[in-house]
Amino acid sequence: MEIVLNSPLDMHLHLRDQEMLNIVAPLTSHSFAGALIMPNLIPPVTTKDDLISYKERILQATKNDTFKPYMTLFFRDSYDYDFLKSFGDELTAIKLYPAGITTNSEGGVSGFDIKKLAPTLEAMSELNLPLCIHGETNGFVMDREAQFVPIYEKLATAFPKLKIIMEHITTKESVEALEKHENLYATITLHHLLITLDDVAGGMLKPHLFCKPIAKRPHDRDALQNVALKAHPKVMFGSDSAPHPQHAKESCGCAAGVFTAPIALAKLAEIFMVKSNENNLQKFISDNARVIYGITPPDKKVILEDNEMTVEQKYGDVVPMYAGEKIHWRIKGIK
Ligand code: NCD
Ligand code: ZN
């Protein structure tokens, strides 16, 4: 069997920089028409020069493919209307990290004082710039996302015209919040559709499945699968593919992040063709994001077939999810 997807999009992607960028970016640009690029470099992307030069490096690394990087800035409450307006089409969204909550987020927001954030969030509302949030508190690790839901709701109510994307949701509570506020949306990763905490730490510890937010309980995964597989219009695919060198993962202080870029599309085809259908995959992988972000990605047709492939052990020094294992779908061609 074959399916054809039009202009797949990955609306949450870490491409890093330099050598790592050159290894990982082509693995996404081969099969995706575009991706929302996370700004958590060291130092983070906070100026126009940073953003434009990073975009140029991404275009260089992906020059053999039709691929549009949708760029983001690292949230600062000092951004004002004129500064944000000056980016024009170069800026697609702003990513907000609570300080210190995940990889390279040290310069993020502490405290969530709405009054302090308001001027920037008002400017974003006026400019129709979506706010992408890594929604975790610094509470107990399994409860961090659920504890953040009231903050999402407070922001959604205080800034009704601001589109707020709850990034890489992992809980039933976040799924439920989608229904309560018109301006809340979400990305869902491949790995959170597949694994629970048991896969990470239930047997031998699996560092390559360790990420933030940590995978949760079976009923949370069920809630995510439910909205993703029916392609709920407020959810879209965001891989959160987050490469780290092997020594940083297989270490006594394991870096957070699952590297899924090379397998994302084939594995999603496998899941959707067993549990849902091609139309819903098209919506989850592209159409919903086009509507939510108001973007028109470049034309690209990706043909997938239900034929087995064995996942590579490593890409450069990065170990992908399912390294050495079989996936029952694969990319046949790109047009
Ligand atoms: C991401 C990274 O490595 O940049 N890590 C992760 O576990 N997901 C950051 C993030 O999105 O939290
Ligand atoms: Zn991320």
Side-chain angles (χ1 to χ4, degrees), residues 9-18 20-21 23-25 27-28 32 35-45 54 58 69-75 92-109 130-138 141-142 144-145 148 165-171 174 185-195 197 199-201 205-216 224 236-251 253-261 264 289 315-321:
L9 293 168
D10 179 348
M11 298 310 287
H12 182 131
L13 179 65
H14 298 272
L15 287 181
R16 315 300 192 209
D17 212 342
Q18 298 166 344
M20 181 70 98
L21 168 66
I23 294 167
V24 302
L27 300 170
T28 291
F32 285 83
L36 191 76
I37 312 300
M38 292 299 118
N40 62 331
L41 303 182
I42 310 173
V45 179
Y54 187 33
I58 293 168
Y70 293 97
M71 303 304 291
T72 64
L73 276 178
F74 189 99
F75 183 91
T92 301
I94 297 184
K95 176 72 187 284
L96 188 155
Y97 293 89
I101 204 68
T102 186
T103 309
N104 306 341
S105 64
E106 289 68 26
V109 168
L131 175 69
C132 303
I133 304 186
H134 183 119
E136 289 194 284
T137 66
N138 54 12
V141 69
M142 287 294 279
R144 286 176 189 176
E145 184 176 299
F148 198 90
I165 324 287
M166 303 188 283
E167 293 296 331
H168 42 53
I169 58 170
T170 60
T171 58
S174 296
Y185 302 86
T187 53
I188 299 180
T189 73
L190 170 68
H191 49 286
H192 291 121
L193 287 175
L194 290 163
I195 65 171
L197 184 62
D199 297 286
V200 186
L205 187 67
K206 298 283 169 51
H208 297 290
L209 298 180
F210 172 67
C211 68
K212 301 293 177 76
I214 193 107
K216 302 293 187 311
L224 300 175
M236 58 197 151
F237 178 61
S239 70
D240 194 18
S241 176
H244 293 276
Q246 187 171 18
H247 66 83
K249 295 291 292 175
E250 298 175 12
S251 135
C254 170
V258 182
F259 180 51
T260 53
Y315 292 86
D317 194 22
V318 191
V319 179
M321 189 182 189

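We count ligands from 1, going down the list as the structure has it; atoms in each ligand are counted the same way. Scope of the values below: all heavy atoms of this structure, side chains included, with no hydrogens, waters or symmetry mates.
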**Q** Minimum heavy-atom separation for Glu106 and Ala99, please, with both atom names.
**A** O-CB, 3.9 Å
**Q** Where the side chain of Lys216 meets the backbone of Met142, is there a donor-acceptor pair that is under 3.5 Å apart?
**A** no
**Q** Provide, to 0.1 Å, the distance between atom 8 (N) of ligand 1 and the closest protein heavy atom, together with that atom's residue and name.
**A** Asp240 OD2, 2.7 Å
**Q** Assess His168: does it contribute an N, O or S atom lying under 2.8 Å from the Zn ion (ligand 2)?
**A** no
**Q** Using side-chain contact (heavy atoms from CB on, under 4.5 Å), reason through Phe75 and Ile133 one step at a time and then give a plain yes or no.
**A** CA-CA 9 Å; Phe75 183 91; Ile133 304 186; over 6 Å; no
**Q** Does the N or O separation between Phe210 and ligand 1 drop below 3.5 Å for any pair?
**A** no
**Q** Asp240: which N/O/S atom is nearest the Zn ion (ligand 2)?
**A** OD1
**Q** Determine, using heavy atoms of Asn104 and all atoms of ligand 1, whether some pair is separated by less than 4.0 Å.
**A** no
**Q** Regarding atom 3 (O) of ligand 1: of the candidates Lys212, Met38, Arg16, which has the closest heavy atom?
**A** Arg16
**Q** I'd like to check which ligand 1 atoms, numbered from 1 as shown, lie under 4.0 Å from a non-hydrogen atom of Asn40.
**A** 2 (C), 4 (O), 9 (C)
**Q** Should you measure from each heavy atom of Cys211, which atoms of ligand 1 turn up under 4.0 Å away?
**A** 7 (O)
**Q** Please identify which of these residues, His134, Lys212, Glu136, meets the side-chain hydrogen bond (donor to acceptor under 3.5 Å, both in side chains) condition with His168.
**A** His134
**Q** Under 3.5 Å, is there a donor-acceptor pair between the side chain of Glu145 and the main chain of Ser174?
**A** no
**Q** If only atom types and distance count, is the side chain of Asn40 paired as donor or acceptor with the main-chain N or O of Asn104 below 3.5 Å?
**A** no
**Q** Any nitrogen or oxygen of Tyr97, side chain or backbone, less than 3.5 Å from one on ligand 1?
**A** no
**Q** Considering residues, nucleotides and ligands other than Leu205, do more than 12 of their heavy atoms fall under 6.0 Å from its CG?
**A** yes
**Q** May I have the step-by-step check of side-chain contact (heavy atoms from CB on, under 4.5 Å) for Ile37 and Met71, ending in yes or no?
**A** CA-CA 5 Å; Ile37 312 300; Met71 303 304 291; 4.0 Å; yes
**Q** Over 60° means perpendicular and under 30° means parallel, so classify the ring planes of Phe259 and Tyr315, tilted if in between.
**A** perpendicular
**Q** List the closest protein heavy-atom neighbour of atom 12 (O) of ligand 1: residue, atom name, distance to the nearest 0.1 Å.
**A** Thr102 OG1, 2.7 Å
**Q** Could you tell me the residue and atom name of the protein heavy atom closest to atom 5 (N) of ligand 1, and the distance to it rounded to 0.1 Å?
**A** Ala256 O, 3.1 Å
**Q** Below 4.0 Å, non-hydrogen atoms only: which portion of His12 touches ligand 1? Side chain, backbone, both or neither.
**A** side chain
**Q** Hey, which atoms in ligand 1 end up nearer than 4.0 Å to a heavy atom of His244?
**A** 3 (O)
**Q** Can you name the atoms of ligand 1, numbered from 1 with element, that are less than 4.0 Å from a heavy atom of Gly257?
**A** 5 (N), 6 (C), 7 (O)
**Q** Are any side-chain N or O atoms of Lys249 and backbone N or O atoms of Pro207, one a donor and one an acceptor, separated by less than 3.5 Å?
**A** yes
**Q** What N/O/S atom of His14 is the closest to the Zn ion (ligand 2)?
**A** NE2
**Q** Heavy-atom count check: over 12 atoms from other residues, nucleotides or ligands less than 6.0 Å from Asn138 CG?
**A** no
**Q** Backbone, side chain, both or neither: what part of Ile101 comes under 4.0 angstrom of ligand 1, heavy atoms only?
**A** neither
**Q** Under 4.0 Å from any heavy atom of Ala242, which atoms of ligand 1 are there?
**A** 1 (C), 2 (C), 3 (O), 5 (N)
